[in-house]
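The basis for the numbers below is simple: all heavy atoms, side chains too, and nothing from hydrogens, waters or symmetry mates. The residues of the chain are indexed from 1 along the displayed sequence. Whatever order the structure lists ligands and atoms in, that order sets their numbers, starting from 1.
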Amino acid sequence: MDAAEFRRRGREMVDYIADYLENIEQRPVYPDVEPGYLRTLIPTEAPTEPESYEDIIKDVERVIMPGVTHWHSPYFFAYYAAASSYPAMLADMLCTAIGCIGFSWAASPACTELETVMLDWLGKMLNLPDHFIAGTHGHGGGVIQGTASEATLMSLLAARCKAVRHVQASKPEKSEGTIISELVAYTSEQAHSSVERAALIGGVVMRKVPTDNNYTVVGDALKKMVEEDKAAGLIPFYFCATLGTTPSCAFDRITELGPLCNKENMWMHIDAAYAGSAFICPEFRPLLNGVEFADSFNFNPHKWLLVNFDCSALWVKKRADIIGAFKMEPLYLKHENQESGLVTDYRHWQIPLGRRFRSLKMWFVFRMYGLSGIQAHIRKQVALAKEFESLVRADQRFEICAEVIMGLVCFRLKGSNERNQNLLKRINTNREIHLVPCQLSGSFVLRFAICSRATESRHIQQAWRHITQMTFELLQEPSH
Ligand SMILES: Cc1ncc(COP(=O)(O)O)c(C=O)c1O
């Protein structure tokens with residue numbers, strides 16, 4: 001393919017994408033395929049001779065689309081949102097074309113510098129405390145990670161390194177291995193599985209803190225566990241708070257937890273993977289109060305901020321903590337400007353070496369929507385969740401299972417878990433809408449998350465009609 005053909009095919013591809021997204025609601029949101037479906041549709045070996053572009057593009061509809069779960073369908077209500085917008089898609093094209101691997105400032109100065117400035121812009125949109133803003137003289141700053149899972153792991157590893165150094169400063173005879181075996185990390189029992197996974201990878205014990213009736217961790221619950229562990233000779237070193245838990249979008253009380261962590265010399269990381277985007281709206285910003293006590297804070301613009309995957313924003317209070325934990329300096333990666341105070345080498349802030357020019361997506365989205373446009377998107381989706389909540393509340397057969405604060409509604413049919421499992425099965429088998437469940441206080445609960453940028457009130461009304469129809473059919477069965 002030469003540049004002339006690329007121009008032609010590129011235009012066709014943009015048309016295909018625009019058609020796909022404009023007409024996405026005509027497609028069943030969830031695919032009707034069995035495991036292994038794709039292997040039977042394509043050859044077992046790569047072609048020896050080149051094939052035509054026409055043949056490949058034909059196969060997109062034949063092979064790929066039947067097995068796609070359409071995350072951007074207005075009838076997709078599962079998990080949490082995956083962001084999507086045209087400016088981000090265009091920026092992603094440019095990112096791919098530039099194709100730099102921006103691990104250091106020298107490896108592509110624009111890639112590094114735009115990222116630092118975009119994380120500052122976003123930090124200011126969230127009204128983060130000054131110590132998270134890099135500016136030209138700050139000690140903190142932001143970085144784009146691939147996912148919230150990586151951000152949590154980075155924070156845990158940085159905290160582990162800091163804790164080991166702290167203990168060794170007064171007890172140099174203690175080995176790193178011994179200290180690590182005495183460290184204890186904490187997170188909510190409602191935290192995302194990636195937090196527990198970070199502890200597994202980091203080789204430290206992690207204890208789950210029980211939540212209150214609102215699925216929130218409060219200060220006293222953590223305090224009790226920390227005191228028990230200290231009395232047993234262990235070293236509490238890390239707490240991962242969640243703002244917007246995955247099951248029910250609950251918020252840990254960081255105004256209590258933060259001061260406790262600071263007093264106990266524990267690193268507080270905040271995982272706000274989904275809900276973080278909403279903090280750009282002044283009405284939601286109070287939920288972030290207490291962030292001033294955190295050592296690191298993360299959320300995913302690729303969930304709710306109109307920036308397509310991947311783009312997970314992590315800020316640290318002291319960048320020396322994170323850089324100091326992972327620094328490697330082979331000669332081939334060094335460059336003459338690396339000691340300049342104005343230079344960030346992001347390779348020290350992450351696990352992989354390679355990194356894409358992801359800040360372009362933020363730059364395009366922030367400029368084309370403006371803060372007001374992104375706020376409008378968040379507010380619209382919260383309003384749609386409230387609309388769905390009212391429909392559920394008006395039907396006596398159902399109950400709401402957690403306070404609806406953002407774009408997630410947790411609800412269930414009154415009655416047994418089995419009844420709700422069967423209802424969900426019916427809903428998803430029918431493929432008109434797609435939902436996933438969660439467990440809250442031992443109950444099987446249906447999660448209805450507003451996900452797609454294309455979802456409007458009519459889709460909410462249609463989804464509810466569908467749920468009530470499935471409920472009607474279920475309740476006709478003698479066993480229910
Ligand atoms: C609270 C929370 N943390 C972490 C994650 C994991 O996000 P990622 O896929 O970016 O690792 C999720 C995913 O939904 C989440 O809801």
**Prompt:** What part of Val195 sits under 4.0 Å from ligand 1 if we count only heavy atoms: the side chain, the backbone, both or neither?
**Reply:** neither
**Expected output: side-chain Arg431 to main-chain Pro31 donor-acceptor under 3.5 Å** = yes
**Message:** Quick one: does any side-chain atom of Ser248 pair with a main-chain N or O of Ala402 as donor and acceptor, under 3.5 Å?
**Reply:** no
**Item:** Within-shell test, Glu150 vs ligand 1, heavy atom, strictly < 4.0 Å
**Value:** no
**Request:** Please tell me if the side chains of Tyr346 and Trp105 come closer than 4.5 Å, counting only heavy atoms from C-beta onward.
**Result:** no
**Message:** Please list, in number order, the atoms of ligand 1 under 4.0 Å from a heavy atom of Gly244.
**Reply:** 1 (C)
**Prompt:** Starting from atom 6 (C) of ligand 1, which protein heavy atom do you reach first, and at what distance in Å?
**Reply:** His192 CE1, 3.4 Å
**Message:** Quick check: Ala148 and ligand 1, any N/O pair under 3.5 Å apart?
**Reply:** yes
**Prompt:** Is there a heavy atom in Ser312 that sits closer than 4.0 Å to ligand 1?
**Reply:** no
**Prompt:** Do NZ/NE/NH1/NH2 and the carboxylate oxygens of Arg358 and Asp92 come within less than 4.0 Å?
**Reply:** no
**Asked** Does any N/O atom on Ser194 come nearer than 3.5 Å to any N/O atom on ligand 1?
**Response** no
**Centroid separation Phe299 to Phe279 less than 6.0 Å** = no
**Request:** Check ligand 1 against His302 and write out every atom of the ligand that is under 4.0 Å from a heavy-atom position of the residue.
**Result:** 10 (O)
**Asked** So, Trp464 versus Phe388, ring centres under 6.0 angstrom or not?
**Response** yes
**Asked** Is Glu399 paired with Arg393 through a side-chain N to carboxylate O contact shorter than 4.0 Å?
**Response** no
**Prompt:** Is a donor on one side and an acceptor on the other found under 3.5 Å between the side chain of Gln145 and the backbone of Ala148?
**Reply:** no
**Message:** I need the nearest protein heavy-atom contact for atom 11 (O) of ligand 1: residue, atom name and distance, please.
**Reply:** Ser149 OG, 2.4 Å
**Prompt:** atom 1 (C) of ligand 1: which protein heavy atom is closest, and how many Å away?
**Reply:** Thr246 OG1, 3.4 Å
**Message:** So for Tyr80, does at least one of its heavy atoms come nearer than 4.0 angstrom to any atom of ligand 1?
**Reply:** yes
**Message:** So, taking the atom named CD1 in Ile322 and the one named NZ in Lys327, what distance separates them when rounded to the nearest 0.5 Å?
**Reply:** 13.5 Å
**Fill in**
Residue, atom and distance of the protein heavy atom nearest atom 13 (C) of ligand 1 read Lys303 NZ, 3.2 Å
**Request:** Tell me which protein heavy atom sits closest to atom 3 (N) of ligand 1, plus the residue, atom name and distance to 0.1 Å.
**Result:** Asp271 OD2, 2.6 Å
